[in-house]
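All values derive from a computational prediction rather than experimental measurement. Note that these values count all heavy atoms, side chains included, but never hydrogens, waters or copies made by symmetry.
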Amino acid sequence: LSLGENTGVLRAINFGRNKQEAMEKADRGIPGHGWRNFWGHHGFFEAFRYAGEEGDVPWTLERMEQVRYLFAGTVSEVKDRLHELCETGSPEYLVVWSDQGIRPHNEVKRDLQLLGDKIMPEFPG
C-alpha cells in the first residue's frame, strides 16, 4: 500500500433549509450532545486543535466546522464541503456519524435520504 491508500474519513453531516437550522440539528445530535456530554470530557477535543495552538481547545460547533469535522448546512453547502474533502484528501471511504438514537428518527432518516439521493450520486465509488 502507498501512503493515503485505503484512507477513510468520519464526518458528522447535518442538513437544514438553511445554515441555522442545520446547526441546531447538529447541536441536538452527535456534534453537540455527544461531544458536549461525553467525548469532550475524555480529551477528544484535541482532534479539533489548530497547528501551533496552545491551551485548552474550545468546544464549539463552529470549531468543528472550521476543522472540517462537521458539515452542516443546505444540500449545496454540504456538497461543496464534500467536494473540498475529496480534492484535498482523496479519501477512499466516508463514514457518516449518524445521529441515530439521539435525534428523532424522521429527522435522521431525512438527512440520510438527502445524502443518498442528492449528494452521493456525484461521488461514484
Side-chain angles (χ1 to χ4, degrees):
L1 293 176
S2 297
L3 184 62
E5 285 187 30
N6 297 317
T7 300
V9 294
L10 178 127
R11 295 294 183 268
I13 297 176
N14 293 98
F15 295 103
R17 290 175 297 220
N18 53 50
K19 180 67 152 200
Q20 180 179 346
E21 181 180 83
M23 292 296 272
E24 288 169 1
K25 288 167 77 175
D27 191 50
R28 293 190 321 268
I30 293 292
H33 180 73
W35 283 93
R36 181 172 47 246
N37 296 308
F38 183 71
W39 297 287
H41 298 287
H42 298 284
F44 291 108
F45 290 152
E46 285 298 315
F48 308 134
R49 180 177 295 284
Y50 295 135
E53 183 176 32
E54 295 184 18
D56 291 338
V57 178
W59 173 85
T60 65
L61 293 174
E62 291 76 20
R63 172 62 72 106
M64 290 178 167
E65 265 201 309
Q66 291 164 356
V67 299
R68 304 299 197 257
Y69 160 74
L70 170 61
F71 295 169
T74 64
V75 168
S76 178
E77 290 168 330
V78 170
K79 190 182 297 186
D80 288 347
R81 287 294 174 113
L82 283 169
H83 277 293
E84 176 189 47
L85 174 67
C86 289
E87 290 170 11
T88 59
S90 301
E92 188 172 344
Y93 304 99
L94 169 66
V95 177
V96 177
W97 200 345
S98 172
D99 292 328
Q100 179 181 353
I102 296 178
R103 286 194 301 122
H105 178 77
N106 63 324
E107 281 186 15
V108 174
K109 184 177 174 183
R110 177 161 167 68
D111 279 2
L112 290 173
Q113 186 151 13
L114 285 171
L115 181 67
D117 292 347
K118 303 291 184 183
I119 293 182
M120 294 316 293
E122 290 193 27
F123 299 90

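Atom CG in L70 sits 10.5 Å away from atom CZ in R11 (nearest 0.5 Å). For the atom pair CG of L112 and CE of M120, the computed distance is 11.5 Å after rounding to the nearest 0.5 Å.
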- [ ] Test salt bridge (Lys or Arg N to Asp or Glu O under 4.0 Å) on R36 and D27 and set out the steps.
- [x] CA-CA 9 Å; R36 181 172 47 246; D27 191 50; 2.8 Å; yes
Open item on the list: For a ring-ring contact (aromatic ring centres under 6.0 Å, His included) check, start with the C-alpha distance between W35 and F48, then their side-chain angles and the critical distance, and finish with the verdict.
Closed with: CA-CA 11 Å; W35 283 93; F48 308 134; 4.9 Å; yes
Task: Stepwise side chain to side chain contact (heavy atoms under 4.5 Å, CB included) check, L94 with L82 - done: CA-CA 10 Å; L94 169 66; L82 283 169; 4.1 Å; yes
TODO: Give the intermediate values and the outcome of ring-ring contact (aromatic ring centres under 6.0 Å, His included) for residues F38 and H33.
DONE: CA-CA 8 Å; F38 183 71; H33 180 73; over 10 Å; no
Task: R110/E107 under salt bridge (Lys or Arg N to Asp or Glu O under 4.0 Å): CA gap, chis, key distance, verdict - done: CA-CA 5 Å; R110 177 161 167 68; E107 281 186 15; over 6 Å; no
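Between E65 and K19, at least one side-chain N (NZ, or NE/NH1/NH2) sits under 4.0 Å from a carboxylate O, which counts as a salt bridge. Electrostatic pairing of E53 and R63 counts as a salt bridge here, judged by a charged N lying under 4.0 Å from a carboxylate O. Look at K25 and D111 and you find a salt bridge, because one of the NZ, NE, NH1 or NH2 atoms lies within 4.0 Å of a carboxylate O, short of that distance.
The number of heavy atoms from other shown groups lying within 6.0 Å of CD (Q66) is above 12. Around atom CG of N106, more than 12 heavy atoms belonging to other residues, nucleotides or ligands sit under 6.0 Å away. The neighbour count for E84 CD, taken as heavy atoms of other residues, nucleotides or ligands under 6.0 Å away, is above 12.
Between Y69 and W97, the ring planes lie perpendicular to each other; the angle is over 60°, past the 30° to 60° tilted range.
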